[in-house]
Amino acid sequence: MRVEFFLFDTDYLQKEGQVLVRFFGKTEEGKTVACFFEYEPYFYVLPQDPNKAEREIKELLKDKKVKLKRMEKVTKDLEGQEREFLKVFCELPQDTQKIRDEIKKLEKRRGGSGSVEEEYEYSINFYRRFLLDEKIDGSCWLQVKGEPFESNLNADLTIKGREIKVLERVKPPALKLLSFDIETYEKAGKKNIIMLSLWGEKLKKVLTYHQGNFPPWVEVVDSEKKLLERFVEIVNSYDPDIILTFNGDAFDFPVIQERMAQNKVKLVLSRDGEEMKFTRRARVSSARIKGRVHIDLFTFIRNILSPNLQTEVLSLDAVSSELLGDQKIEMDYQELLESWQKKKDLAKLAEYCLKDSELTFKLASLLLPQILEISRTVGQLPFDTSRMTYGQLAEWYLTRKAVEMGKIIPNQPKWEDIKKRKTFTYAGGFVKEPIAGLHENVAVLDFRSLYPSIIATFNISPETLNCSCCENKTNYKVPETNYWFCQEKKGFVSQVIKELIEKRALLKEKLKTIDRESLEARFLDNRQLSLKIVANATYGMFAFAGAKWYCRECAESCTAFGRHFIKQTIKEAENKGFTVVYADTDSCFIKEPESRGDLFQETEEFLNYVNKKLPGILELELQGIYKRGIFIPRGTAPGTAKKRYALIDENDNLVIRGLETVRRDWCNLAKEVQRQVLVYILKNKEVNKALNYVRNVIKMLRKRQIPLKDLTIYEQLTKPISSYKQIGPHVVAAQKMLKRGRPVGEGMLVMFAITQGEGSISERAEPIEDVTCEMIDESYYIDNQIIPAALRVLQVLSVSKEKLLGEALF
DNA sequence: ATGAATCGGGG
DNA sequence: GTGTACGATTCAT
């Protein structure tokens, strides 16, 4: 039989000593497909002498528990050199590590005979190995030939695959999406789930167990246990392909797992009957559900999207506002607790809970196509890809290219090497301090993908660094360094990046020829965006100490070339009579003297002039023209502080960078003050109104007219209370709660306010239940909350603390 | 002053 | 499946 389906999840399993790779996917008609393949685990050994090594390896493993299947001699490219390797086939996936641990004893440096020099690719996960070798994109259309296969999976079609082919088709079938969200309430130091909402194309539901005046989409059950059981039932009967959460890896799933265990309910959401499992990652674990894809949008947004967002706060509320123009229902945590406790306004609580799922679902409609395209580019599963950092994306892209090109994948560095690598620092991008204040008519120029262009143009790659063949050529030296890169042979990384850039340029050309609103355009756009993301990630990967293709000199050379070209651009601009208001790494903000005419035309001419001189694929582009811009110098630590500026274009569109501080460890009042000030200043330029507003807030604080809930600060107790070395305000508040006989647990959200009295800020932190308005230390709130929040924006217009406060005294 | 420790996001 | 951010705030020295 032959089946065509869209792949979205893969894993492997062992059955009676047999190893099978398993694919999950969906056909055009909406049928769920599970597909099994046989495959052999293996890794590579670099021998000193292949025959001797083969003999010694056999001898070494003779009496061991782990057995190797067989060995083959193969030729592979190692760091640009053709070498002979032994390909060692194993019985089970976990055996590659075990057998490698035996074989490494033959290395000379470990006291062996020296017949073996090194081992490679022994720690690549088995299903990833399969995807790499079969050249399968992480999420793509496949054609599989095979036979029907017995299984007890929740799938319409189960096949044992024989042949597999990647199809060109791009558009995924209609995948079924389901988002969910929980609300919790702390009781005796433990979180209880009080509400759970679900949102899908054809499903809107809230589960809870307090009676209330609810709309029909609320289902009231008897208890938390029933709620959890219903959740499992609903998910399985809705049978989604993709499950979406916002911070589900670190919050919703851990809480659900803990409550399921407490209530003795099994958390079976998978298509193979297995319980949800956490797969370990660097810091947090990821909740994995076999046969479906759990995508935690928060992880993806934090790792990949955040540099391109204006908001610095990655809350569901802030991200939804920016990307969807839609917000959470306003309800602070105290209100939520009160609502549940007193069983009042429970309908609002349900609305609030449902809205979170709705926002998560809507964000997914926007972001899932992007995630799937990135997954196709790097050739890894959507589950894995959506959780990768920038560097990992680059690394996996290089990994698939290396396999395609018959190259050995470098080993991950050892812990000591990582530590050593981390001790080196090097110069970053060049920053020209901004001319502080307000500027009219500013053109923003930037280098298109500066670092990838430099890597491609100057052949920057670990193996081309300081080659012996080009030592005496002087025209390819990296500025301000003693490095050079080979001019004779292409480097691996540079070649791959060059192809990536060219592919993207082609896509962008094609995009120009088709309707921007068409479905095809949306795909092409996500495709080119994914290429851009991977290309941009490569520079950072060079500098990341844990990377397989780590190369400090390569990273250093990128920034050195970058500094060279931005400085040159600044000089050229000044020669042409422009004023350079600000420049940073790859961008340059210019304005022209008032006597001159059309900024747009002048800028275009300047760009033409500069671009003729630039080498290779380096190109300076017009990013935008703004009628007004405000810039803030970096302050005390040059080179470390983030960009801070605000721009307004002809159509009153705002671009704000680095002016936001509002997180939950700030009180509501501070958040509101900052929001109001931003509105006054940047939208309407009403500076005096903003000043008066802030002064009025300060007055109200002094008169104690601000409700307590706007002064509450929320901070999490991330570890057991006894293990704190530095006792911060939230820790002190928690200690006081404990002393007063209230339960305190790890992971608890501590609510407190700063009160008057003796000692440090921390010592004056009081649990919110024990605070009255009279106790509030108004000067803390004025100096540490209101003024910093307001000044962050107001300093743009050179308003000082004194000016803000001075007149408030009258 | 400067450095170390801690936090965010979710509820 | 080894391990990644980073800027701001407060305590500690």
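Everything quoted here is computed from the prediction, not taken from an experiment. Here is the naming used below: chain letters follow the sequence lines, and residue numbers restart at 1 for every chain.
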Visitor: Respond yes when some side-chain nitrogen or oxygen of A/Arg302 is under 4.0 Å from OP1 or OP2 of C/dC6, and no when none is.
Guide: no

Visitor: Under the 5.5 Å and 30° test, is A/Trp415 stacked on the base of C/dT2?
Guide: no

Visitor: Could you tell me how the ring of A/Tyr127 sits relative to the ring of A/Tyr12: parallel (under 30°), tilted (30 to 60°) or perpendicular (over 60°)?
Guide: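 Rings of A/Tyr127 and A/Tyr12: tilted, 30 to 60°.
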
Visitor: Checking ring pair (Phe, Tyr, Trp, His ring centres under 6.0 Å) between A/Tyr539 and each of A/Tyr390, A/Trp549, A/Tyr451, which is the one that passes?
Guide: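 When A/Tyr390, A/Trp549, A/Tyr451 are each tested with A/Tyr539, the ring pair (Phe, Tyr, Trp, His ring centres under 6.0 Å) holds only for A/Tyr451.
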
Visitor: Quickly, which of A/Ile124, A/Asp95, A/Ile103 forms a side-chain contact (heavy atoms from CB on, under 4.5 Å) with A/Phe43? Name it, please.
Guide: A/Ile103

Visitor: Less than 4.0 angstrom between a side-chain N/O of A/His730 and OP1 or OP2 of B/dC7, yes or no?
Guide: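 A/His730 to B/dC7 OP1/OP2: side-chain N or O found under 4.0 Å.
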
Visitor: Of all residues at least two apart in sequence or in a different chain, which pass the salt bridge (Lys or Arg N to Asp or Glu O under 4.0 Å) check with A/Lys205?
Guide: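 A/Lys205: salt bridge (Lys or Arg N to Asp or Glu O under 4.0 Å) contacts with A/Glu219.
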
Visitor: Might you confirm whether atom CD of A/Glu330 has over 12 heavy atoms from other residues, nucleotides or ligands at distances under 6.0 Å?
Guide: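 At most 12 heavy atoms, drawn from other residues, nucleotides or ligands, come within 6.0 Å of this atom.
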
Visitor: Go through C/dA8, C/dT4, B/dT6 for me and flag the one nearest to the A/Phe544 side chain.
Guide: C/dT4

Visitor: Below 4.0 angstrom from OP1 or OP2 of B/dG8, is there any side-chain N or O of A/Gln716?
Guide: yes

Visitor: Using a heavy-atom cut-off of 4.0 Å across all strands, would you classify A/Lys719 as base, sugar-phosphate, or nothing?
Guide: sugar-phosphate

Visitor: Protein-nucleotides 10-13 of chain C N/O pairs closer than 3.5 Å?
Guide:
from, atom 1, to, atom 2, distance (Å)
C/dT10, OP1, A/Tyr780, OH, 3.0
C/dT10, OP2, A/Asn784, ND2, 3.4
C/dT10, O2, A/Gln726, NE2, 3.2
C/dC11, OP1, A/Ser760, OG, 3.4
C/dC11, OP1, A/Ile761, N, 3.2
C/dC11, OP1, A/Ser762, N, 2.6
C/dC11, OP1, A/Ser762, OG, 2.9
C/dC11, O2, A/Gln726, OE1, 3.0

Visitor: If only side-chain N and O atoms of A/Thr389 are considered, is one of them under 4.0 Å from the OP1 or OP2 phosphate oxygen of C/dT4?
Guide: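 Answer no for this pair, as no side-chain N or O of A/Thr389 is under 4.0 Å from OP1 or OP2.
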
Visitor: For A/Lys328, which contact category applies under a 4.0 Å heavy-atom criterion: base, sugar-phosphate, or nothing?
Guide: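 Sugar-phosphate: the residue A/Lys328, judged by heavy atoms under 4.0 Å, touches backbone atoms but no base.
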
Visitor: Are A/Lys548 and A/Trp396 in a cation-pi contact, defined as NZ or CZ under 6.0 Å from the six-membered ring centre and within 45° of the axis?
Guide: yes

